[in-house]
Number of protein chains: 2
Amino acid sequence: MKMSSGVEWALHSCVTLSQSHEPVPAARLAELHGTPPAYTAKHLQALSRAGIVRSTMGQVGGYTLTRPAAEISALEVVRAIDGDEPAYRCAEIRQRGPLGIPAEQCSRPCAIARAMAAAQDAWSRALAEISIADLAADIDADSDGTAMSDVRRWLTATRS
Amino acid sequence: MKMSSGVEWALHSCVTLSQSHEPVPAARLAELHGTPPAYTAKHLQALSRAGIVRSTMGQVGGYTLTRPAAEISALEVVRAIDGDEPAYRCAEIRQRGPLGIPAEQCSRPCAIARAMAAAQDAWSRALAEISIADLAADIDADSDGTAMSDVRRWLTATRS
DNA sequence: GCCTCTGTACTCGGATATAGTCTGTCCGAGTATCTTGGG
DNA sequence: CCCAAGATACTCGGACAGACTATATCCGAGTACAGAGGC
């Protein structure tokens with residue numbers, strides 16, 4: 001049960017993008033976060049496919065959020081990067097072996113699968129309640145209100 | 001974010017073991033569940049290391065639960081197989097790049113890491129509230145009360 | 001002076017190697033039972 | 001008939017290959033701006 005490390009980069013990238021109304025190139029985000037440029041770009045493509053960010057080509061292109069940061073949940077970002085299939089996938093053990101139950105009698109999911117699904121739902125709900133704007137605000141509060149303004153200043157300074 | 005498939009086998013094995021006071025060999029559990037014998041044994045060893053099951057060697061040896069099934073949570077089994085490290089591991093991106101924060105200023109975990117940890121806590125709590133006895137009861141209810149008695153009968157029948 | 005066309009520099013996007021981990025398997029170490037021999 | 005010692009058969013435990021996914025990278029397709037030339 002290991003989450004892709006790209007999730008962390010994607011969340012940080014979304015927080016950074018929430019501080020800029022202009023497109024930010026993937027290379028700029030990679031430089032700011034100290035991450036491999038090419039691999040960072042790959043994850044941004046995944047966010048683009050999921051409809052979370054919009055890509056703009058051309059000389060002053062880059063990535064922008066498609067929606068206000070308050071309307072983007074952390075769950076969406078995690079699912080865009082890590083996939084939306086549940087962590088636990090029932091292999092229907094109950095149908096196998098000498099005491100296997102015929103498939104036609106299995107109307108409900110296995111009790112074990114139900115328990116794991118309930119846990120995953122609790123996890124999803126916790127992440128769905130957190131927006132990118134919340135994360136930006138929390139990061140800002142941790143730094144006494146300097147972090148986000150520093151990011152905005154850096155983004156405009158490196159644009160020239 | 002993919003959970004080891006061995007988690008499913010381990011949970012089913014614990015439910016089966018809860019129906020027997022006598023040691024059950026790994027090969028017997030593998031046969032009942034239709035799983036690869038050697039690999040099933042490997043996961044049972046992990047349960048043994050975690051203190052969830054006790055192994056008995058010798059001619060009539062096998063595995064038994066160390067505690068009543070009601071005192072073993074699904075979370076313990078999952079952690080024994082899948083590892084107890086959290087799915088999200090913060091790489092401290094905030095300390096990297098041109099706007100990196102010095103490590104000595106990072107007293108609290110990163111806000112993003114806190115959010116992911118809260119989600120994992122919700123997931124853990126959901127699994128901690130479910131015991132092996134609960135799972136056995138649910139499986140029994142799904143089959144109108146025949147599943148567990150069938151398991152007990154099969155275990156005693158194949159012992160001879 | 002204004003418009004248009006071309007060139008260029010910059011961007012994203014998907015296809016391509018590499019590494020680590022999970023899956024699956026095998027053989028050796030250890031123990032309780034069963035048998036056999038003696039008292 | 002009872003006891004003890006040895007052989008045996010069964011168990012678990014850790015060490016060993018194979019396959020798959022995640023990681024990391026590169027190069028090609030596409031677009032907007034800048035500049036030069038013509039009207």
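Here is the naming used below: chain letters follow the sequence lines, and residue numbers restart at 1 for every chain. Predicted model, so just to flag it, every value in this text is computed and none were measured.
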Peer 1: With side chains defined as the heavy atoms from C-beta onward, is the minimum distance between Glu129(A) and Leu75(A) less than 4.5 Å?
Peer 2: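 No, side chains not in contact.
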Peer 1: Rounded to whole Å, please give me the gap between CD1 in Ile81(A) and P in dT23(D).
Peer 2: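 So the two atoms are 10 Å apart, to the nearest Å.
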Peer 1: Do Tyr88(A) and Glu8(B) touch side chain to side chain, with heavy atoms closer than 4.5 Å?
Peer 2: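 Counting from C-beta outward, Tyr88(A) and Glu8(B) do come under 4.5 Å.
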Peer 1: May I have the distance from Arg54(B) (atom CZ) to dG13(D) (atom P), rounded to whole angstrom?
Peer 2: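 Nearest whole value for this atom pair: 11 Å.
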Peer 1: Roughly, in whole Å, what's the span from CZ in Arg89(A) to P in dC22(C)?
Peer 2: 13 Å
Peer 1: Heavy atoms, side chains only, cut-off 4.5 Å: are Trp123(B) and Asp121(A) in contact?
Peer 2: no
Peer 1: Rounded to whole angstroms, how far apart are CD on Glu22(B) and P on dT33(C)?
Peer 2: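 Taking CD of Glu22(B) and P of dT33(C), I get 12 Å after rounding.
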Peer 1: Return the set of residues passing ring pair (Phe, Tyr, Trp, His ring centres under 6.0 Å) with Trp9(A) (not counting sequence neighbours), or none when no residue passes.
Peer 2: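 Ring pair (Phe, Tyr, Trp, His ring centres under 6.0 Å) list for Trp9(A), sorted by chain: Tyr39(A), His43(A).
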Peer 1: On DNA chain D, check which nucleotide each of Lys2(A) and Thr40(A) is closest to and give me the residue with the more 5' one.
Peer 2: Lys2(A)
Peer 1: Write out a two-atom table: protein N or O, nucleotide N or O from nucleotides 4-14 of chain C, distance below 3.5 Å.
Peer 2:
{"residue": "dT11(C)", "atom": "O4'", "partner": "Gly58(A)", "partner atom": "O", "Å": "2.9"}
{"residue": "dC12(C)", "atom": "OP1", "partner": "Ala26(A)", "partner atom": "N", "Å": "3.2"}
{"residue": "dC12(C)", "atom": "O3'", "partner": "Ser55(A)", "partner atom": "OG", "Å": "3.3"}
{"residue": "dG13(C)", "atom": "OP1", "partner": "Ser55(A)", "partner atom": "OG", "Å": "2.8"}
{"residue": "dG13(C)", "atom": "OP2", "partner": "Tyr63(A)", "partner atom": "OH", "Å": "2.9"}
{"residue": "dG13(C)", "atom": "N7", "partner": "Gln45(A)", "partner atom": "NE2", "Å": "3.0"}
{"residue": "dG14(C)", "atom": "OP2", "partner": "Arg49(A)", "partner atom": "NH1", "Å": "3.0"}
{"residue": "dG14(C)", "atom": "N7", "partner": "Gln45(A)", "partner atom": "OE1", "Å": "3.2"}

Peer 1: Can you name the residues that form a salt bridge (Lys or Arg N to Asp or Glu O under 4.0 Å) with Arg54(A), not counting sequence neighbours?
Peer 2: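 Expected list: none.
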Peer 1: Among residues at least two apart in sequence or on other chains, which ones pass side-chain hydrogen bond (donor to acceptor under 3.5 Å, both in side chains) with Arg152(B)?
Peer 2: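 Listed in chain order: Gln19(B).
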Peer 1: Side chains of Thr35(B) and Thr40(B) only: does a donor on one sit below 3.5 Å from an acceptor on the other?
Peer 2: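 Checked: Thr35(B)/Thr40(B) side chains pair up, N/O donor to acceptor below 3.5 Å.
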Peer 1: Any side-chain N or O of Tyr39(B) less than 4.0 Å from the OP1 or OP2 oxygen of dT23(C)?
Peer 2: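 Answer is yes, contact under 4.0 Å.
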Peer 1: Enumerate the residues from residues 5-18 of chain B whose closest heavy atom to DNA chain C is under 4.0 Å, giving them by residue number; use none for an empty result.
Peer 2: Ser5(B), Trp9(B)
Peer 1: Tell me every residue that passes salt bridge (Lys or Arg N to Asp or Glu O under 4.0 Å) with Arg153(B), counting only those two or more places apart in sequence or in another chain.
Peer 2: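 Checked Arg153(B) against salt bridge (Lys or Arg N to Asp or Glu O under 4.0 Å); matches are Asp150(B).
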